[in-house]
Structure formats: structure tokens, C-alpha cells
Amino acid sequence: MKYVSTRGGMNAQAFSDILLEGLAPDGGLAVPESIPQISAQTLETWRTLPYHALATEVLSLFVTDIDRTTLASMTASAYCKESFKTEAIVPVRPLYDGMSLLSLSEGPTLAFKDMAMQFLGQVFPYVLKQRGTTLNILGATSGDTGSAAEYAMRGKDAVAVFMLSPHGRMSAFQRAQMYSLQDANIHNIAVKGVFDEAQDVVKALSGDLAFKSKYRLGAVNSINWARIAAQIVYYFHGWLRSTSAPGQEVSFTVPSGNFGNILAGHIARSMGLPIRRLVLATNENNVLEEFFRTGIYRPRGAAQTFATSSPSMDISRASNFERFVFDLVGRDAERVAGLWRELSREGFFDLSAMKPELDRRYGFVAGCSTHQDRLATIRAVHARTGVLIDPHTADGVKVAAKYVEPGVPMLVLETALPAKFSEVIEQALGMPAPLPAGLENLESLPQRFTVLPCDVASVRAYITEHAST
Ligand SMILES: Cc1ncc(COP(=O)(O)O)c(C=O)c1O
Ligand SMILES: N[C@@H](CCOP(=O)(O)O)C(=O)O
């Protein structure tokens with residue numbers, strides 16, 4: 001399998017190359033040259049596989065330059081009971097009215113980001129060792145990618161992490177998870193801006209090819225295809241655990257921000273997984289919901305990006321949306337490059353003429369949720385089932401309810417655990433979320449982070465001073 005750029009300016013490259021490359025050199029995103037197809041027959045042979053073995057099957061379709069035995073040992077180390085606290089790795093928990101939770105947040109940092117990051121924590125060191133080189137990972141987080149990446153990479157040789165987080169916009173628990181890490185290879189930079197602005201800085205520095213090459217900058221955000229590849233696995237797992245026969249359809253609801261999670265669902269569906277609907281759920285920052293409703297993509301600036309009670313989804317410029325548009329326009333890289341030029345010139349692009357095709361071919365529907373919806377949903381799920389869900393998952397459950405169809409299981413992706421957002425749980429239920437064993441004192445640990453203005457020059461200077469060359 002080789003990879004090309006959504007904007008057409010990259011020679012076809014192998015998985016390990018794009019793993020280290022992150023953002024494509026032309027500013028686009030790496031995508032597979034073609035989407036592997038899985039037959040119903042093959043799918044049936046995967047029905048009884050444990051999660052790590054399923055991950056080997058799916059990932060081996062995308063990671064063709066690492067031998068299968070090595071890949072299998074990476075997935076076995078990444079998806080183990082010690083890290084996920086459950087044999088199932090991703091349990092499916094029934095709620096009500098045909099909805100179940102796909103529990104993706106049992107990993108070390110209590111959010112779905114661990115699902116891919118645990119694999120990245122295996123594959124990065126392997127490829128770096130093979131090539132005898134090192135990597136300075138530059139990332140942006142709204143609260144969950146940062147901690148998942150730092151836990152996966154802490155103390156690892158050959159990798160340092162420089163993580164930009166939006167100052168004052170994460171929950172107390174999220175801050176403590178990241179900023180309490182004292183490992184020398186972890187650098188937390190709290191920038192005075194929103195996630196989108198931090199992500200812009202990451203893209204600007206990754207687009208400065210001389211700087212990128214001198215400091216060997218890499219990426220762990222979902223702009224890195226390796227993240228998407230590892231996230232595809234749990235759509236297969238969810239389908240296999242919710243069906244009993246070939247061809248049965250399942251719908252998935254995905255709390256969305258940077259569009260990485262639901263893009264993985266789109267790829268799984270394109271591979272032949274019988275997914276009926278991909279339900280995109282947003283909070284009040286509903287740029288993506290607006291696109292799936294109207295066909296117009298109009299990202300918003302920092303001033304129009306609300307600070308909400310599902311803060312990890314406070315995103316108005318979704319990077320991965322570009323990978324979906326690449327497919328929507330028939331994998332025409334020139335058209336994608338043109339649309340993104342139009343976006344920077346006009347502030348929007350209009351694909352409403354493609355709306356009928358969008359509705360017919362891709363299975364996407366969308367909805368949004370408000371603070372009051374989140375509180376009401378957390379209360380309703382708790383009252384009806386005793387299950388406590390986090391505010392992002394609540395956005396999902398709220399929107400999913402509208403799209404449940406008789407006979408079609410609806411899996412809502414649980415993207416974080418409530419302990420990360422106890423302030424909101426307290427508002428909804430009048431009691432804090434229980435803290436997982438071992439994390440009771442996290443928020444009282446000493447914290448180490450640097451506050452910087454959210455601009456390219458400041459972050460460049462910080463990396464120049466602290467990164468190894
Ligand atoms: C808890 C949580 N839910 C949902 C999302 C949205 O996922 P994505 O950015 O892949 O759309 C994120 C991060 O973006 C998150 O951290
Ligand atoms: N919600 C994310 C935002 C970054 O998303 P990513 O999937 O592109 O890494 C976060 O928690 O940081």
C-alpha cells in the first residue's frame with residue numbers, strides 16, 4: 001500500500017514514510033492510493049478474533065512495509081488487558097431504545113485517543129530504530145490527544161513530545177493528566193488561543209520544510225494517517241460484536257470535532273463494512289453539522305468558537321474533513337487543492353450542488369447538542385441504566401436518539417470517561433464522577449508547563465531551544 005497527498009503534491013510513499021512525515025509536504029494529508037476491500041466472507045472469519053488480532057488483520061492492509069509478525073507483536077503489546085483494564089479492550093454496553101455504547105475509553109488516559117496512540121507508541125520507536133533516527137513530535141490538543149500521546153511516548157528513547165494545549169480551556173483533570181508529567185522528553189506548552197489556532201501553528205511549522213527537516217518534526221494528531229488506520233479497527237470490532245450474520249447493518253454515532261474519528265468510520269464503510277449510517281454529532285460548534293445539512297463548509301474563527309461543556313470538541317476547522325472531501329470529489333487532488341485555496345481566499349466553499357450525491361452515497365447524517373441537552377442526557381442515561389457518561393458521549397447519545405431505526409443497532413462511540421469532566425457531571429447529577437483507582441490524587445500533583453502566545457514565532461523559538469537536532 002502506498003500513500004499520496006489529498007493535494008497531489010507528494011510522490012507515492014510507504015506507510016513508515018508517511019508515519020514520520022505527518023503532514024504531507026504540500027500541506028495536504030496522506031491518504032491510501034486505493035481503499036482495500038473486505039468481503040463478507042473474510043469479515044466472518046474475523047468474528048471470534050480478540051481485539052489485538054483483529055487490529056493485526058485490519059492494520060496489515062495499510063501497513064504493508066512492516067512484516068506481519070512484527071505488526072502482530074506491536075498490536076499484542078498495544079491492546080492488552082494491563083493497559084485497557086478489560087479483556088474485551090472495547091466492550092459494547094447496551095443502553096436503551098436500540099442504542100449501545102462502544103466503550104473506547106478504557107485505556108490509560110480515559111479517552112478514545114488511547115485506541116490509536118497505544119499503537120503509535122509501538123510503531124514510532126520501531127520505525128525510528130530501524131532508520132537510526134529520532135523524532136520531535138509537535139502536536140495540538142484540546143485535552144485528550146495530548147495526554148494520550150504523552151502517556152504513550154513518555155520515557156521512550158528517540159521521541160520527544162511538544163504539545164500545544166489551549167490555556168484555560170481544558171478541564172482540571174485534563175490539565176493535571178498532562179501537566180503533572182515530569183518526564184524529560186515531554187514538553188507541555190499552554191498557548192493563549194483555541195485549539196484551531198494551536199493546530200494552525202502545528203501546520204505552519206510542519207509546512208516549513210527546512211525547519212521540519214532540521215528538527216525532524218513529526219505528528220500524532222489525526223493529520224497522521226497512522227492514527228486513522230488504528231481507529232478503523234474499532235468500527236470492525238463494533239460491527240462484529242453487534243451482529244450475528246453477514247450483511248447486517250449497524251449505525252454509528254460519533255461525537256465529532258477534528259473529524260478523525262468519523263473519518264475512520266467512513267473508511268471502514270468504504271472498505272465494505274455494512275454501516276448504514278454515520279451519525280455526526282457536534283456541540284454548539286457545529287461547522288460540520290452545517291456542512292452535512294447544507295453542503296457548505298464555513299469554518300469559524302476563534303471569536304466564534306464557543307467554550308462549551310464538551311471542550312474537547314470545541315473545534316471549528318476540522319483537519320480530517322479534507323480527507324473526506326477528497327473522496328467526495330472523486331479523489332481529484334487538483335480539485336481539493338483548489339477548494340482549499342478558495343477556503344483561504346473566501347472563508348468558505350460551497351458543495352451544495354453535490355448534496356444529493358453526498359446524501360445518497362456516504363451514509364452521513366448530522367445533529368448538534370447544547371449544554372442543556374448534555375446535562376439532560378447525562379441524567380436520562382444515568383436514571384435509566386445507572387451508566388455514567390461523559391459530556392462528549394452525551395452529545396452523541398442525544399443526536400443518536402433521533403436516528404435510531406428498528407432492527408438496526410446504533411453504536412454510540414464513548415469518546416471519554418466522565419472522570420475527565422467531573423465539573424459537568426456534578427452540574428448534571430449533583431455529585432462528582434468517581435475517579436478510577438490510582439488517579440484520586442492526580443489533581444494535587446505538581447504541574448510543569450510553559451505558557452506562550454499562540455503564534456508560530458514563539459513556538460518555533462521554544463522548539464529551537466529545547467529540541468535535539
Ligand atoms: C472526548 C472527545 N470526543 C470527541 C472528540 C472528537 O473527535 P474527532 O476530533 O476525531 O472528531 C474528541 C477530540 O477531538 C475528544 O477528545
Ligand atoms: N479532541 C482532540 C483534538 C485533536 O484531535 P486529533 O484527533 O486530530 O488529535 C484532543 O483531545 O486533543
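Whatever order the structure lists them in is the order used to number ligands and atoms, beginning at 1.
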Considering only heavy atoms of G143, which atoms of ligand 2 have at least one such atom less than 4.0 Å away? 10 (C), 11 (O), 12 (O)
Out of F112, F259, F321, whose heavy atom is nearest to atom 7 (O) of ligand 1? F112
Selection from F195, F112, F259 by shortest heavy-atom distance to atom 4 (C) of ligand 2: F195
Please name the pair of heavy atoms, one in Y3 and one in F62, separated by the smallest distance, quoted to 0.1 Å. OH-O, 2.7 Å
Angle class for the Y362/F324 ring planes (parallel below 30°, perpendicular above 60°, tilted otherwise)? perpendicular
For ligand 1, is P255 a contact, meaning one of its heavy atoms is under 4.0 Å away? yes
Check the orientation of F84 and Y79. Use parallel for under 30°, tilted for 30 to 60°, and perpendicular for over 60°. tilted
Examine S142 against ligand 1 and note whether any of their N/O atoms are separated by less than 3.5 Å. no
Near T145, which atoms of ligand 2 are under 4.0 Å from a heavy atom of that residue? 2 (C), 4 (C), 5 (O), 6 (P), 7 (O), 9 (O), 10 (C), 11 (O), 12 (O)
Test of proximity, M313 against ligand 1: N or O pairs below 3.5 Å: no
If you have a sec, work out which protein heavy atom is nearest atom 8 (O) of ligand 2 and how many Å separate them, to one decimal? S222 OG, 2.5 Å
Just need the protein heavy atom nearest to atom 3 (C) of ligand 2, so name the residue and atom and give the distance. S142 OG, 3.3 Å
Counting heavy atoms under 4.0 Å, the part of R227 that contacts ligand 2 is side chain
Would you say S256 and ligand 1 have an N/O pair spaced under 3.5 Å apart? no
Looking only at protein heavy atoms, which one is nearest to atom 11 (O) of ligand 2, and what is the separation? D144 N, 2.6 Å
Apply the side-chain contact (heavy atoms from CB on, under 4.5 Å) test between R169 and each candidate in S165, S171, P166; give the one that qualifies. P166
The residue among L388, L375, V424 that forms side-chain contact (heavy atoms from CB on, under 4.5 Å) with L429 is L388
Any heavy atom of D144 under 4.0 Å from ligand 1? The part involved is side chain
Can you tell which of K420, E414, K113 gets a heavy atom nearest to atom 14 (O) of ligand 1? K113
Value for CZ (F162) from CG (L217), rounded to nearest 0.5 Å, stands at 8.5 Å
Check the angle between the aromatic planes of F321 and Y297 and answer parallel, tilted or perpendicular using the 30° and 60° thresholds. tilted
Minimum heavy-atom separation for L442 and S180, please, with both atom names. CD1-OG, 4.0 Å
Ligand 2 contact on K113 by region, counting heavy-atom pairs under 4.0 Å: side chain
In the protein, what heavy atom is nearest to atom 8 (P) of ligand 1, and what distance, to one decimal place, separates them? N258 N, 3.5 Å
Taking N or O atoms only and a 3.5 Å limit, does G257 qualify as a polar contact for ligand 1? yes
Pairing of K355 and D350 as salt bridge, 4.0 angstrom limit: no
Tell me whether N258 has any N or O atom under 3.5 angstrom from an N or O of ligand 2. yes
Determine the interplanar angle of the F211 and Y215 rings, folded into 0 to 90°, and report it as parallel if under 30°, tilted if 30 to 60°, perpendicular if over 60°. tilted
Check: T415 N/O within less than 3.5 Å of ligand 1 N/O: yes
N/O to N/O below 3.5 Å, does that happen between Q231 and ligand 1? no
Under 3.5 Å between some N or O of ligand 2 and some N or O of T141? yes
Taking atom NZ as the centre, does K156 end up with more than 12 heavy-atom neighbours from other residues, nucleotides or ligands that are less than 6.0 angstrom away? yes
